[in-house]
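Working notes, beginning with the structure itself.
Residue indices begin at 1 and follow the sequence shown.
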Amino acid sequence: MGESSGSVSIDVERIFFGGKEHLIQTNHGPVSVAVYGDQDKPALITYPDVALNYMSCFQGLFFCPEAASLLLHNFCIYHINPPGHELGAASISPNLSVPSVDDLADQIAGVLDFFGLGAVMCLGVTAGAYILTLFATKYRERVIGLMLVSPLCKAPSWTEWLYYKVMSNLLYFYGMCSLIRGSAQVPESDIVQACRSLLDEKQSTNVWRFLQSINGRYDLTERLKKLQCRTLIFVGESSPFHSEALHMTSKLDRRFSALVEVQACGSVVTEEQPHAMLIPMEYFLMGYGLYRPYQMTGSPRSPLSPTCISPELLSPESMGIKLKPIKTRLSSMV
């Protein structure tokens with residue numbers, strides 16, 4: 001991957017993260033990156049799912065005070081948006097070819113080159129988890145750890161491919177919000193209306209392009225055996241990608257991986273059950289010598305404040321999670 005050719009820096013006070021956004025030119029097209037934190041700290045790269053950006057995919061997790069003290073204390077966060085998914089993005093020209101998943105992974109390498117980053121920690125959701133896993137298999141020396149939420153790792157099945165092909169055509173011809181409208185019999189909920197408001201700000205053709213890229217993904221199963229980093233996988237028990245997460249976990253080295261199944265949760269655990277991620281993440285990061293700073297004023301509601309909560313409430317069952325395949329023996333990854 002060649003070096004990036006330049007960057008346009010935009011000072012924007014973000015509602016959720018207060019980061020500084022960069023539009024970086026890579027050999028595979030421009031990509032928007034929001035940077036938050038001290039750039040002298042180790043880097044944490046995030047990548048969201050289809051039709052989401054870093055705010056709509058990770059705000060639930062980063063709104064948790066415990067996540068702020070754990071992640072932001074230890075890392076500088078580099079939120080990478082899929083091409084055209086950042087707020088205010090213009091519609092990408094139809095004359096440009098749709099990037100392959102390899103192109104998207106190589107874009108990440110271009111981002112790291114631009115900021116002068118070496119090995120990084122990665123956090124991705126579903127499609128973003130696939131791109132980061134692919135990146136880790138192509139640039140093994142540049143990834144020290146993977147935290148994946150409802151990840152994809154196999155090629156789409158014929159039924160999935162056909163489903164997304166139909167969805168892509170509907171998206172292309174009718175736009176984003178036409179796919180999630182309510183009816184007179186089933187009126188839109190407040191959540192759906194909020195989603196529609198966010199989606200109104202996105203260019204449907206840009207979302208269509210990312211969906212096309214992911215629908216053209218290939219199987220990473222054999223490559224998983226060559227991963228050289230620790231991996232922590234989260235998946236909701238109601239997620240349609242639950243079986244894929246189990247498959248991926250079965251192919252990873254058990255000494256350096258763990259699966260966390262979150263009860264009463266779908267795919268986007270970062271938004272649905274972010275507190276269920278905190279303790280597994282804390283133990284995972286201990287393997288790198290990273291800790292949450294001790295605070296005497298910790299909230300009694302904090303799942304990372306054991307001095308404020310009785311020990312039995314810190315069990316995985318009480319938090320609504322199950323750890324597999326090594327259950328609570330995350331210390332074996334250290």
> Ignoring hydrogens and geometry, is there a side-chain-to-backbone donor-acceptor pair from Glu272 to Val268 under 3.5 Å?
Replying inline: yes

> Within the side chain of His85, is there an N or O that forms a donor-acceptor pair under 3.5 Å with the backbone of Ala51?
Replying inline: yes

> Per the side chain to side chain contact (heavy atoms under 4.5 Å, CB included) rule, which among Leu148, Leu220, Leu104 passes with Tyr130?
Replying inline: Leu220

> Do Met248 and Leu224 pass the side-chain contact (heavy atoms from CB on, under 4.5 Å) test, and can you show the C-alpha distance, the side-chain angles, and the key distance before you say yes or no?
Replying inline: CA-CA 8 Å; Met248 184 173 185; Leu224 295 177; 3.8 Å; yes

> Can you name the ring-ring contact (aromatic ring centres under 6.0 Å, His included) partners of Tyr47, sequence neighbours left out?
Replying inline: none

>> Working to the nearest 0.5 angstrom, can you tell me the gap between Ile131 CD1 and Asp106 CG?
In response: 10.0 Å

> Met121 versus Pro42: any side-chain heavy-atom pair under 4.5 Å?
Replying inline: no

>> I need the Cys229 SG to Leu252 CG distance, nearest 0.5 Å.
In response: 8.5 Å

>> Within the structure provided, determine whether Ile77 and Thr46 are in side-chain contact (heavy-atom separation under 4.5 Å).
In response: yes

>> Using every non-hydrogen atom in the two residues, find where Cys153 and Asp219 come nearest and quote the distance to one decimal.
In response: O-OD1, 3.4 Å

>> In the structure I gave you, are the side-chain heavy atoms of Thr133 and Thr231 within less than 4.5 Å of one another anywhere?
In response: no

> Between Cys122 and Leu146, does a side-chain contact (heavy atoms from CB on, under 4.5 Å) hold up when you go through it step by step?
Replying inline: CA-CA 5 Å; Cys122 296; Leu146 288 170; 3.7 Å; yes

>> Could you report the tightest heavy-atom contact between Val101 and Ser213, atom names first, then the distance?
In response: CG1-O, 3.3 Å

> Do Phe58 and Tyr54 have ring centroids that are under 6.0 Å from one another?
Replying inline: no

>> Show the nearest heavy-atom pair for residues Arg209 and Pro99, with the distance to one decimal.
In response: NH2-CD, 3.6 Å

> Rounded to the nearest 0.5 Å, how far apart are CD of Gln107 and CZ of Phe114?
Replying inline: 14.5 Å

>> Determine whether a donor-acceptor pair (N or O, by modelled atom type, separation under 3.5 Å) exists between the side chain of Glu237 and the backbone of Gln263.
In response: no

> Counting distance only, does the side-chain N/O of Glu271 pair as donor-acceptor with the main-chain N or O of Gln59 below 3.5 Å?
Replying inline: yes

> Minimum heavy-atom separation for Ala276 to Phe234, with atom names?
Replying inline: O-CE2, 4.3 Å

> Between CG of Leu117 and CG of Leu44, what distance do you get to the nearest 0.5 Å?
Replying inline: 11.0 Å

> Is there a side-chain contact between Val50 and Val207 (heavy atoms, below 4.5 Å)?
Replying inline: yes

>> Can you give me the closest heavy-atom contact between Cys57 and Val125, atom names plus distance?
In response: SG-CG2, 3.6 Å

> About how many Å separate CZ of Arg217 and CG of Asp102, when rounded to the nearest 0.5 Å?
Replying inline: 13.5 Å

> Under the 3.5 angstrom rule, does the side chain of Asn74 hit a backbone N or O of Tyr291 as a donor-acceptor pair?
Replying inline: yes

> Side chains of Tyr283 and Leu232: does their closest heavy-atom pair fall under 4.5 Å?
Replying inline: no

> Does the side chain of Asp113 come within less than 4.5 Å of Arg142's, by heavy atoms?
Replying inline: yes

>> I'd like to know whether Arg223 forms a side-chain contact (heavy atoms from CB on, under 4.5 Å) with Lys138, so could you lay out the CA-CA distance, the side-chain angles of the two residues, the decisive distance to 0.1 Å, and finally the verdict.
In response: CA-CA 9 Å; Arg223 295 187 176 204; Lys138 295 184 68 174; 3.7 Å; yes

>> Applying a strict under-4.5 Å side-chain criterion to I, L, V, M, F, W and Y, I'd like to know whether Ile92 and Val33 cluster together.
In response: no

> Passes side chain to side chain donor-acceptor pair (under 3.5 Å), Thr221 versus His247? Steps please.
Replying inline: CA-CA 9 Å; Thr221 299; His247 169 80; 3.0 Å; yes

>> Enumerate the side chain to side chain donor-acceptor pair (under 3.5 Å) contacts for residues 88-98, please, sequence neighbours excluded, ordered by first and then second residue.
In response: Ser91-Thr205

>> If we ignore hydrogens and angles and just use 3.5 Å, is the side chain of Ser69 paired with the main-chain N or O of Arg292 as donor and acceptor?
In response: no

> Any sub-3.5 Å donor-acceptor pair from Tyr288's side-chain atoms to Ile144's backbone N or O?
Replying inline: yes

> Less than 4.5 Å apart, any side-chain heavy atom of Met277 and any of Val262?
Replying inline: no

>> Check whether Thr126 reaches the backbone of Ser150 with its side chain - one donor and one acceptor, N or O, closer than 3.5 Å.
In response: yes

> Are His242 and Glu261 close enough that some pair of their side-chain heavy atoms sits under 4.5 Å apart?
Replying inline: yes

>> Which heavy atom of Tyr78 sits nearest to which heavy atom of Ala43, and what is that distance?
In response: CE1-CB, 3.6 Å

>> Distance check, rounded to the nearest 0.5 Å: Ile45 atom CD1 versus Leu112 atom CG?
In response: 5.0 Å

> Do Thr270 and Phe62 pass the side-chain contact (heavy atoms from CB on, under 4.5 Å) test, and can you show the C-alpha distance, the side-chain angles, and the key distance before you say yes or no?
Replying inline: CA-CA 9 Å; Thr270 52; Phe62 282 87; over 6 Å; no

> Do any N or O atoms from the side chain of Glu282 and from the backbone of Leu70 form a donor-acceptor pair under 3.5 angstrom?
Replying inline: no

>> For Leu72, is there any backbone N or O sitting under 3.5 Å from a side-chain donor or acceptor partner on Lys41?
In response: yes

